Amino acid sequence: MRVIVTGGAGFIGSALVRHLVRERGWDILNFDKLTYAANLQSLSAVSENANYRFVQADICDAGAVNRIFADFHPDAVMHLAAESHVDRSISSSAEFIKTNILGTHVLLEAGRQYWSDLPSERRNAFRFLHVSTDEVYGSLADGSFFTESTAYDPRSPYSASKASSDHLVSAWRATYGLPTLITNCSNNYGPHQFPEKLIPLVLLNALEKKPLPVYGDGRNVRDWLYVEDHVKALTAVLERGRIGETYNIGGRAPTENIAVVERICDALDALAPNGETRRSLITFVQDRPGHDRRYAIDPTKIETELGWHAEKTFDTGIAATVEWYLNNEWWWRPLRDDVYSGTRLGLLENSARADRHLSENSV
Ligand code: NAD
């Protein structure tokens, strides 16, 4: 298999590339713009492999995207490149609209052109897998779960941009027959996650004895999935998923944010005791605007149709994650010192200014 992975220097993309290069031996082309969220250090385990190559380019650049298709001759595209942080989308939405919507459109058009020129056998085998999020479904009532037929109701700039891209992908299937697949996955965590997201942010703040910010009352629920389980699910969908279908991916682990933070504290106290209890650092802060209350995935379809199941429980996944961050300061220290130190993002006071600044700079 020859596969273009977009966003392969990000958190999930790099886990996917490592998996496909090492475990599957596929030829992988990592197509990534290298935004603040990218880190080529996450690919050091595969960067010398003959079946791995990297191209730095923007998915919004149609010329670059067309060249990659023409030069690499892929059998599939796994599309993960995106702006991915909800809080940043509240402060400044323009890049989300550009990359997540317009970039996906560029990729679909280039993919369609390339696919329609393929000889019939390769055309039949070609796949375009679009990686999306459960956040497109909006906020759930207690006791209910997202299925593949849940109506879209995105409520943040991030989830609205991902919902738009999902609709584009479905339209390219219906209108042009492009062999697409869509996955909607719950919140991921694990090694190599940029420390703006809840779990690494809390973990690193706790190590540095800084306050552990919990939004609102801490009772918002997210359904956590270990990243290596996610990449195995994506591989299963690419290989065995039915064309045109959507697959929800989740680890059956809906957990309140406050419980997530407490578990990280307890795991750190056990693995790296410092004579204090880290729970004392927990600090409730102003809630995120429009904060969805509950996400929970019903993964029955992918489990029964494709035989995929999450292998890690939340407890084993958190323990592995805490251990990884403890042992890999070389990876996260430069990010904390030079890229993002953990300051609060996504409050409304700053958002008008941030977007005005961006649009002034983009004309
Ligand atoms: P990430 O922010 O860690 O990585 C995104 C990657 O995309 C980065 O390497 C970045 O450089 C690249 N990128 C951004 N804009 C680009 C552009 N214009 N051209 C080329 N590359 C570009 O994101 P992640 O957490 O790894 O998420 C990957 C995908 O999975 C996203 O599409 C996201 O919506 C989806 N997803 C994420 C989660 C999660 O919990 N993190 C859950 C479900 C779905």
Side-chain angles (χ1 to χ4, degrees), residues 4-18 29-43 54-62 64-65 68 77-89 94-107 110 129-137 146 154 156-166 169 182-200 222-231 233-234 237 246-251 253 260 295 297 317 321 335 339-340:
I4 296 175
V5 175
T6 72
F11 165 49
I12 301 168
S14 64
L16 179 65
V17 169
R18 291 191 304 270
L29 186 141
N30 173 11
F31 183 109
D32 198 296
K33 179 182 174 180
L34 299 185
T35 69
Y36 78 95
N39 193 341
L40 289 176
Q41 298 294 329
S42 306
L43 293 156
F54 169 65
V55 171
Q56 181 176 3
D58 187 335
I59 57 165
C60 299
D61 177 349
V65 174
I68 293 300
V77 175
M78 299 177 88
H79 174 34
L80 290 89
E83 288 293 332
S84 71
H85 190 40
V86 177
D87 286 339
R88 286 185 196 266
S89 81
E95 281 304 313
F96 289 72
I97 305 306
K98 251 194 268 173
T99 286
N100 299 2
I101 305 177
L102 301 178
T104 299
H105 174 253
V106 167
L107 210 58
L129 169 56
H130 175 63
V131 177
S132 190
T133 165
D134 61 352
E135 304 195 21
V136 298
Y137 298 125
F146 297 133
S156 73
Y158 165 66
S159 56
S161 69
K162 291 297 291 188
S164 305
S165 65
D166 294 8
V169 173
I182 297 176
T183 56
N184 295 93
C185 185
S186 60
N187 283 53
N188 282 219
Y189 68 100
H192 302 101
Q193 187 167 30
F194 188 82
E196 64 188 353
K197 303 278 167 61
L198 178 69
I199 288 178
R222 297 293 180 266
D223 190 353
W224 294 95
L225 182 68
Y226 194 65
V227 66
E228 287 170 18
D229 280 326
H230 186 189
V231 307
L234 295 177
V237 171
T246 285
Y247 293 88
N248 281 355
I249 306 172
V260 170
Y295 301 148
I297 287 266
T321 304
L335 301 178
V339 186
Y340 174 65

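Just the heavy atoms: all of them, side chains too, but no hydrogens, waters or symmetry mates, feed the values below. This structure is a prediction, so every number in the text was calculated from the model and none was measured. Atoms within a ligand are numbered from 1 in the order they appear, just like the ligands themselves.
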According to the interplanar angle, ranging from 0 to 90°, do the rings of F146 and Y295 count as parallel (below 30°), tilted (30 to 60°) or perpendicular (above 60°)?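 Geometry flag for Y295 against F146: tilted rings.
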H79 and H130 aromatic ring geometry - parallel, tilted or perpendicular at 30°/60° bounds: tilted
What short N/O contacts, under 3.5 Å, does ligand 1 make with the protein, listed by atom pair and distance?
residue: ligand 1; atom: 2 (O); partner: S84; partner atom: OG; Å: 2.7
residue: ligand 1; atom: 3 (O); partner: F11; partner atom: N; Å: 3.0
residue: ligand 1; atom: 9 (O); partner: G10; partner atom: N; Å: 3.0
residue: ligand 1; atom: 9 (O); partner: D32; partner atom: OD1; Å: 3.3
residue: ligand 1; atom: 9 (O); partner: D32; partner atom: OD2; Å: 2.6
residue: ligand 1; atom: 11 (O); partner: D32; partner atom: OD1; Å: 2.6
residue: ligand 1; atom: 11 (O); partner: L34; partner atom: N; Å: 3.4
residue: ligand 1; atom: 11 (O); partner: T35; partner atom: N; Å: 2.9
residue: ligand 1; atom: 11 (O); partner: T35; partner atom: OG1; Å: 3.2
residue: ligand 1; atom: 18 (N); partner: D58; partner atom: OD1; Å: 2.9
residue: ligand 1; atom: 18 (N); partner: T99; partner atom: OG1; Å: 3.0
residue: ligand 1; atom: 19 (N); partner: I59; partner atom: N; Å: 3.0
residue: ligand 1; atom: 21 (N); partner: K33; partner atom: N; Å: 3.1
residue: ligand 1; atom: 23 (O); partner: S84; partner atom: OG; Å: 3.3
residue: ligand 1; atom: 26 (O); partner: F11; partner atom: N; Å: 3.3
residue: ligand 1; atom: 26 (O); partner: I12; partner atom: N; Å: 2.8
residue: ligand 1; atom: 32 (O); partner: L80; partner atom: O; Å: 2.9
residue: ligand 1; atom: 32 (O); partner: K162; partner atom: NZ; Å: 2.7
residue: ligand 1; atom: 34 (O); partner: Y158; partner atom: OH; Å: 2.6
residue: ligand 1; atom: 34 (O); partner: K162; partner atom: NZ; Å: 3.1
residue: ligand 1; atom: 40 (O); partner: N188; partner atom: N; Å: 2.8

Is there a donor-acceptor pair closer than 3.5 Å between any side-chain N or O of N184 and the backbone N or O of T133?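 Side chain of N184 to backbone of T133: a pair is present.
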R88/E196 under salt bridge (charged side-chain N to carboxylate O under 4.0 Å, His left out): CA gap, chis, key distance, verdict: CA-CA 10 Å; R88 286 185 196 266; E196 64 188 353; 2.6 Å; yes
Quick one: does I12's side chain get under 4.5 Å of V227's, heavy atoms only?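 Answer yes - side chains close enough.
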Pick from D229, D134, L225, V131: which one makes a side chain to side chain contact (heavy atoms under 4.5 Å, CB included) with C185? L225
